[in-house]
Amino acid sequence: MPATDFLAQLNPSQRRAVEHFCGPLLVVAGAGSGKTRALTFRIANLVLTHRTDPDNILAVTFTNKAAKEMKERIEVLFADQEARVKHGKALSALTDYEQTKLRSHVYKNLTKHLWIGTFHALCSRILRFDIEKYQHPDGYRWTKTFSIFDESDAQGLVKTIVVKTLNLDDKKFNPRSVRYAISNAKNQNLSPDELERDQPNYRGRVIADVYRHYQKSLAENNALDFDDLILMPVKLFQQNPEVLDYWHKRFRHILVDEYQDTNRTQYDLIRLLTTNGAAMDRFNDWHHRSTFVVGDADQSIYSFRAADFTILMNFQNDFGDGLPDDDTRSMVKLEENYRSTSNILEVANHLIDNNTERIDKVLRATRGEGETIFCYRADNETAEADFVVTQLRSLELQNPELRWGDFAILYRTNAQSRAFEEVLTRYSIPYQVVGGLRFYDRREIKDVLAYLRVINNPNDTVSIKRVINVPRRGVGKSTLDKLDQAADTLGGIPLWEILADETSVKTLAGRSAKGVLQFANLIKTYQARLESAKGSEIIQDLLETSGYLDSLKGDGTDEDMERFSNVQELYNAVLQFEEQNEDSSLTAFLANASLSSDLDDVKEGGNAVSLMTLHSSKGLEFQVVFLVGVEQGLFPNFRSLEDPAAVEEERRLCYVGITRAKERLFITYARERRLYGSREPASPSLFLGELPPEYITTNAAQGLPKRMAAPINTVRTQNEVSAKPGSGAHESDWTAGDVVVHPAYGAGEITHIFGAGNKICLAVKFPGQGRKILDPKLTKLQRAE
DNA sequence: TTGGGTAAAACCTCG
DNA sequence: TTTTACCCAA
């Protein structure tokens, strides 16, 4: 029997990618060209045809959901092969019992061994083996029960360092932006010293200093932030050749999906694993080894977390043979689109053609023309939502094959979901909002997880402080300060060591000692049971004995009830985790919880309309897509307007949105939108002017907005002559930070500039009167200085 | 130490 | 409009 029958389902380019065995390969895969399929089939082919040991395969996906789906598909593919070999028929033709038996066999011998996951998940797994071998230059150590700090934990640490440790003004060194700078450094594999080296000014040096203290704090908590999960293995591999050698030999075949969205540190990780630390130009030993990356530079939309699509563009020179496109053996292009109608593809191709930084690639349609794209101009965001839901209802009614799950509403920012939710609720249409508040980010869930984290890792002082007084134990700020100070005086020992010592607590905590001891004993009880009891048993007992569950019930309001049931759901999640995972330790569960995302349980084709940001929609597809809020300042977002490269990224984001649609695409924008509570005028996005009018129908009397004549990203120069106030001002007349005088509100400072060209609005903050958004053409504004 | 109140800031995208 | 941060009385 030909074991490779399944390859017949592929087109020639896909087949070339899948059958590639050793050496480097870049797969340039346009939207909807079957890249997930190529990845899945490739893994199957490695094992089936080349007898690759599943233990030698590492596959990096962009989301947990993609990882789960990939495992699932490989399992089915394999089970199907085995069914044909053993029983002579397809998997689906077997009895349920035989199917289950076959699949569990495949799981045991194959899927279980495959390392498939996100960079974060895979790295945290590596760290659970080897983190204790890492030696920090300042002598900090981490153990395998490390905590993973989320963004708010991280920002909290930064704030403490800025305000308390370094006595700086947190207005000037905003914890959020400092944390962002640190994150950026980590994503480029820079240590505090390395960051400091290229800082020309005071601010940069201060940030490097905060970074240094921040890393110390993390170490004291035995904690890592998200960026460390990847940075730490890279540092470890760089300092410890034996450890690197082990993982290098282990992962002979490396696959990376969404390669355009990798950052420098992730790239370093892949390079180290591939070359075992040999310099790139000296490495050519591809014996029984491959590095296979898949991506599309046109869909690179994560530069804000330091993703760099030039890494993809450089792959050919870096790992590959560097030959031109027609001769190369290390690149394959997938350009046939199997997803969308040709009208949708035309629109997408035209739009993205406005970008300058691209890899040469077109998307070829394989399907019919389809309907035209409809562009709707609404009066305001409520009218926009009304239009969308009206369309949704009539399409659903007229097309029996469409389910609610076939519809998606995609927007630039999470805050836009509300108007749609209201209308959908009014018509009782089921919907799911993806993103926004994650399940694991809810207050009550974070509380319970903090308890578990303390039990698992008593050095986690951040978590101790979160729950030592939840529920109320009469332990307030001053008590905590005293205990903290004592730990500090004793040479910076972990707070837990003070708490765990009864005499110390009694001496230090005074009246509150009882509460503190109660807490300490609670934690000790469960620490003792950590070895013998399951996580689910611990959590159940803990919720009772800590009094947390009782305190949650509160006054029995709806909100209280919801909190209560969320905690219940968390318990179920632990149970489920224990059933489904080999390593069901508390540490593993906590890592899983930290790394889970809202996207993980999105059901495609289910019975609910999906509402999500364009970022979240990457990799998904829907029969009908509504791309909403396509207005200047919102999309492209005003923060990107001054930077041409940033506008290109917004355009790629728009491209991603358009290419999610299979059958129908609607684009909407409003003339007026509620922002910060007050109504503000809005103008159509520059992207609308870039769409080919012949493929688009619109309700706007004047048709599609005209293409902007002048380049939108003119660099603002200081010496441009400023027009008189109120006389048709140009963008260049105003700069954020300028002080202006308004006839009614008086003097205020410009905080943001929305829009570009002739249509701009200014956000001006007037002391005592709040923020106003003004059109300089309609309001007489005078420059103050 | 706790709870309620008011004022100011925030809304860009995410693991 | 909604969320968070800080102040003060009990």
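Order of the sequence lines sets the chain letters (A, B, ...), proteins ahead of strands, with each chain counted from 1. Keep in mind the model is a prediction, meaning the values are calculated, not measured.
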Colleague: The side chain of Glu151(A) is closest to which nucleotide in this list: dG15(B), dC14(B), dT2(C)?
Modeller: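 Selected nucleotide (nearest to the side chain): dG15(B).
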Colleague: Report yes if a side-chain nitrogen or oxygen of Thr613(A) is closer than 4.0 Å to either non-bridging phosphate oxygen (OP1 or OP2) of dC14(B); otherwise report no.
Modeller: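 Answer is yes, contact under 4.0 Å.
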Colleague: Of all the choices, dT1(B), dC11(B), dC14(B), which nucleotide is nearest to the side chain of Asn414(A) once you look at every atom?
Modeller: dC14(B)
Colleague: So which nucleotide from dG15(B), dT1(C), dC6(C) ends up closest to the side chain of Arg418(A)?
Modeller: dT1(C)
Colleague: For the side chain of Leu675(A), starting at C-beta, report the closest nucleotide among dC14(B), dC6(C), dC11(B).
Modeller: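 That would be dC11(B).
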Colleague: Counting heavy atoms not belonging to Arg443(A), are there more than 12 under 6.0 Å from its CZ?
Modeller: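 Count not over threshold, so no.
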Colleague: Is Tyr302(A) stacked on the base of dC14(B), meaning ring centres closer than 5.5 Å and planes within 30 degrees of each other?
Modeller: no
Colleague: Side chain of Thr118(A) only, please: which of dT13(B), dG15(B), dA10(B) is the nearest?
Modeller: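 Shortest atom-to-atom distance from the side chain points to dG15(B).
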Colleague: Side chain to side chain donor-acceptor pair (under 3.5 Å) with Arg673(A): which of Glu384(A), Glu680(A), Glu381(A)?
Modeller: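 Testing each of Glu384(A), Glu680(A), Glu381(A) against Arg673(A), the sole residue satisfying side chain to side chain donor-acceptor pair (under 3.5 Å) is Glu384(A).
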Colleague: Within a 6.0 Å radius of atom CD on Glu562(A), are there more than 12 heavy atoms belonging to other residues, nucleotides or ligands?
Modeller: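 Not buried by this count: 12 neighbours or fewer within 6.0 Å.
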Colleague: At their closest point, which heavy atom of Val433(A) faces which heavy atom of Asp598(A), and how far apart are they?
Modeller: O-OD2, 3.8 Å
Colleague: With a 6.0 Å cut-off (strictly less than), is the heavy-atom count around NZ of Lys482(A), excluding the residue itself, greater than 12?
Modeller: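 Yes, the 6.0 Å shell around NZ holds more than 12 heavy atoms from other groups.
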Colleague: More than 12 heavy atoms of other residues, nucleotides or ligands under 6.0 Å from CZ of Arg511(A): yes or no?
Modeller: no
Colleague: I want to verify a distance call: between dC11(B), dT1(B), dT13(B), whose nearest atom is closest to the Arg412(A) side chain?
Modeller: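 Of all the options, the side chain of Arg412(A) is nearest to dT13(B).
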Colleague: Within this structure, what is the CG-to-C1' distance between Leu437(A) and dT2(C), rounded to whole angstrom?
Modeller: 13 Å
Colleague: Pick the nucleotide of DNA chain B nearest each of Glu650(A) and His120(A); which residue has the one closer to the 5' end?
Modeller: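 Taking each residue's closest nucleotide, the earlier one in sequence belongs to Glu650(A).
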Colleague: Out of dC11(B), dC6(C), dA10(B), which nucleotide sits closest to the side chain of Asn174(A)?
Modeller: dA10(B)
Colleague: What does the list of N/O pairs under 3.5 Å between the protein and nucleotides 2-6 of chain B look like, with a distance for each?
Modeller:
{"unit_1": "dT2(B)", "atom_1": "OP1", "unit_2": "Gly474(A)", "atom_2": "N", "d": "3.4"}
{"unit_1": "dT2(B)", "atom_1": "OP2", "unit_2": "Asn469(A)", "atom_2": "ND2", "d": "2.9"}
{"unit_1": "dG3(B)", "atom_1": "OP2", "unit_2": "Arg472(A)", "atom_2": "NH1", "d": "2.5"}

Colleague: Of the listed nucleotides (dT1(B), dT13(B), dG15(B)), which one gets closest to any side-chain atom of Asp227(A)?
Modeller: dG15(B)
